[in-house]
Number of protein chains: 2
Amino acid sequence: MDRSGGRARHSGDLIASLSGRSPARNLHSDVLWELGLAIVSGTYEQGAILPSDSELLERFGVSRTVLREALKTLAAKGLIEARARIGTRVLPRNRWNLFDADVLAWFFELGPDVSFLRSLAEVRIGIEIEAAALAAERCGAEQAAELIGWVDRMAEAETPADFARHDLEFHRAVAEASGNPFMASISALVEMALTAAFTISSPVSDPEALAVTVGVHRRIAEAIRDGDPAEARLAMRDAISQGFDRAAGRMEAKDL
Amino acid sequence: MDRSGGRARHSGDLIASLSGRSPARNLHSDVLWELGLAIVSGTYEQGAILPSDSELLERFGVSRTVLREALKTLAAKGLIEARARIGTRVLPRNRWNLFDADVLAWFFELGPDVSFLRSLAEVRIGIEIEAAALAAERCGAEQAAELIGWVDRMAEAETPADFARHDLEFHRAVAEASGNPFMASISALVEMALTAAFTISSPVSDPEALAVTVGVHRRIAEAIRDGDPAEARLAMRDAISQGFDRAAGRMEAKDL
DNA sequence: ACAGGCGCAATAGTATGACAATAACACCAA
DNA sequence: TTGGTGTTATTGTCATACTATTGCGCCTGT
């Protein structure tokens, strides 16, 4: 029961540090991440039965309390379902809550492939285009000014991390300006996508790419300020697909 | 400690029954729903500290295990965060996972107002429009045929519940045909919206409204079959906003 | 009077072992 | 074959004790 060793922080910390969130590091969270990763990675496939309580207890060397709380957390995210006499079953993927920050993080731990990033970009396009259009119709002058402010800070960012942070704040502000609480709820998703883009290739290092990225974001902010939903939609679509293209291009280049 | 009385099933069962899901009814789930509702309804507002473990224990008359598992579940959905010496704090709304089936259900328990339904319709438009467009570009003949099949079944539905069920299956099939796992993940959200629409006013009772609803769904299916993303987008937007308009109109009429 | 460290105490986290409820499966009887 | 019935493995619940964390106040030293 060596509990002192092997407590290395999981590599999702890069993501956590970007968002400023510091997830409490306790036993429960260790077990949660290990099981969550195992499920998402397919070690236990959909419909399969997890090892029973007693077996997992032995494997992790924790108390039943800790194990069960970890399992409850996984159940809350839609990954598993426990039934008496049957065991704990891994639910089909379409029941998983992919908009959950942890679940997304586990996907990223496996090394996000291009198709996953594409899916991410597609949902973002769907939601954020609509958010931008709504913001253009509804938001006030002060919110519009805030948007411009974040774009300015993006332009002046000196490190890739700063750039990503301001980029994220911009998208969060757009979601908030839309006045729709659901839009704000996907910030975890945006965060992942931006973290991936920032990890793979940040435009900060390339002045030309930086100008393009800042430019398209400025288009969004100005369209919203001017109350032009159609232009806001177009610009937002460009911003997201451009970011995806850069990351995807870089990934494929690396593979060859 | 009267645990035998008052175990009436929560009214979210209507929703559960539509989806065929039968949530395990246990103590943990009772506590979860009561606390979840209290938080969503604002009994405990954002940033507030929940009563301490011992106080809640007394209130619910359950064991610490049950209470803590319920709290862990709420934490997993982003509603609360526990910190030693501080207590358990209700997180700000933008940290809540609004795409979670339970959280949505709690919102509905409070009697969904028009603005909530509007927000729901807006996200649906964002995501499902994109899903329809992707389906038009990617899906095969057999999937297209399945879509048509669901439309046919909608047209022949005899009860409002059947109609809603087939409607839901149609939207699920579109999401699946998009090939994007995130699209399928919002079925809980679609389910809520359709349940609301079906509860408030089903087109089944009105032959003319039925024809319109079926017609617009057929437009979606055919556009996807014909590989026409632009038309699929338009039709999907019509379908969702039309459903919202009918429900909203009915609600306002009832209020007067 | 003020700054800084240091310990108290309140709260959540963890451990353990026992018992209750559930339900798939095998068995038995009609 | 069928239908009910008991067995048993698995999760669900309980009670209690102990540990770890950390905000807050005290207390000391300057």
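So you know, we letter chains A, B, ... as the sequences are listed, proteins then strands, and number each from 1. None of these values were measured; they are calculated from a predicted model.
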Query raised in the report: With distance as the sole test, does A:Thr195 use its side chain to make a donor-acceptor pair with the main-chain N or O of A:Glu191 at under 3.5 Å?
Result: yes
Requested in this report: Specify whether A:Trp33 and A:Trp106 have parallel, tilted or perpendicular ring planes, treating 30° as the upper limit for parallel and 60° as the lower limit for perpendicular.
Outcome: perpendicular
Query raised in the report: How close or far is atom P of D:dA9 from atom CG of A:Leu56, stated in whole angstroms?
Result: 18 Å
Requested in this report: Specify the separation, in whole Å, of atom CZ of A:Arg64 and atom P of C:dG17.
Outcome: 13 Å
Report summary line: Closest of C:dT16, D:dG23, D:dA9 to the A:Thr65 side chain is C:dT16
Query - Which nucleotide in C:dT14, C:dT11, D:dT10 has an atom nearest any side-chain atom of B:Ala84 - result: C:dT11
Report summary line: A:Leu57 atom CG is separated from D:dG12 atom P, nearest whole Å, by 13 Å
Query raised in the report: Rounded to the nearest Å, what distance is computed from the CZ atom of residue A:Arg68 to the P atom of nucleotide D:dC14?
Result: 11 Å
Query raised in the report: Going by the angle between their ring planes, with limits at 30° and 60°, are A:Phe107 and A:Trp96 parallel, tilted or perpendicular?
Result: tilted
Requested in this report: Quick one: label A:Arg83 by what it contacts on the DNA or RNA (base, sugar-phosphate, nothing), any heavy atom closer than 4.0 Å.
Outcome: sugar-phosphate
**Report entry** Atom-to-atom span, CG of B:Leu32 to C1' of D:dG12 - whole angstrom
**Finding:** 15 Å
Requested in this report: Return the value, rounded to whole Å, for the distance between atom CD of B:Glu69 and atom P of D:dC14.
Outcome: 10 Å
Report summary line: From CG of B:Leu67 across to P of D:dG12 the rounded distance in Å is 17 Å
Requested in this report: Side chain of A:Ile86 only, please: which of C:dG13, C:dA24, C:dA15 is the nearest?
Outcome: C:dA24
Report task. Assign each of A:Arg85 and A:Asp53 to its nearest nucleotide of DNA chain D by heavy atoms, then name whichever residue's nucleotide is nearer the 5' end. Result -> A:Arg85
Requested in this report: Can you tell me the distance, in whole Å, between the CD1 atom of B:Ile49 and the P atom of D:dG23?
Outcome: 12 Å
Query raised in the report: Considering only side-chain heavy atoms of A:Ala82, which listed nucleotide, D:dT13, D:dT11, D:dG23, is closest?
Result: D:dT11
Query raised in the report: Between A:Ser63 and C:dA15, is there a side-chain N or O to OP1/OP2 distance below 4.0 Å?
Result: yes
Query raised in the report: If you look at every heavy atom in A:Ser185 and B:Phe99, which pair is closest and at what distance?
Result: CB-CE1, 4.1 Å
Query raised in the report: Touch check for A:Thr88, heavy atoms < 4.0 angstrom, all strands: base, sugar-phosphate only, or nothing?
Result: sugar-phosphate
Requested in this report: Would you please classify the geometry between the A:Phe182 ring and the B:Phe116 ring as parallel, tilted or perpendicular, with 30° and 60° separating the classes?
Outcome: tilted
**Report entry** Selection from C:dG13, D:dT11, C:dA15 that lies nearest to any side-chain heavy atom of A:Leu27
**Finding:** C:dA15
Query raised in the report: Base, sugar-phosphate alone, or nothing: which one does A:Ser52 contact when heavy atoms must sit under 4.0 Å apart?
Result: sugar-phosphate
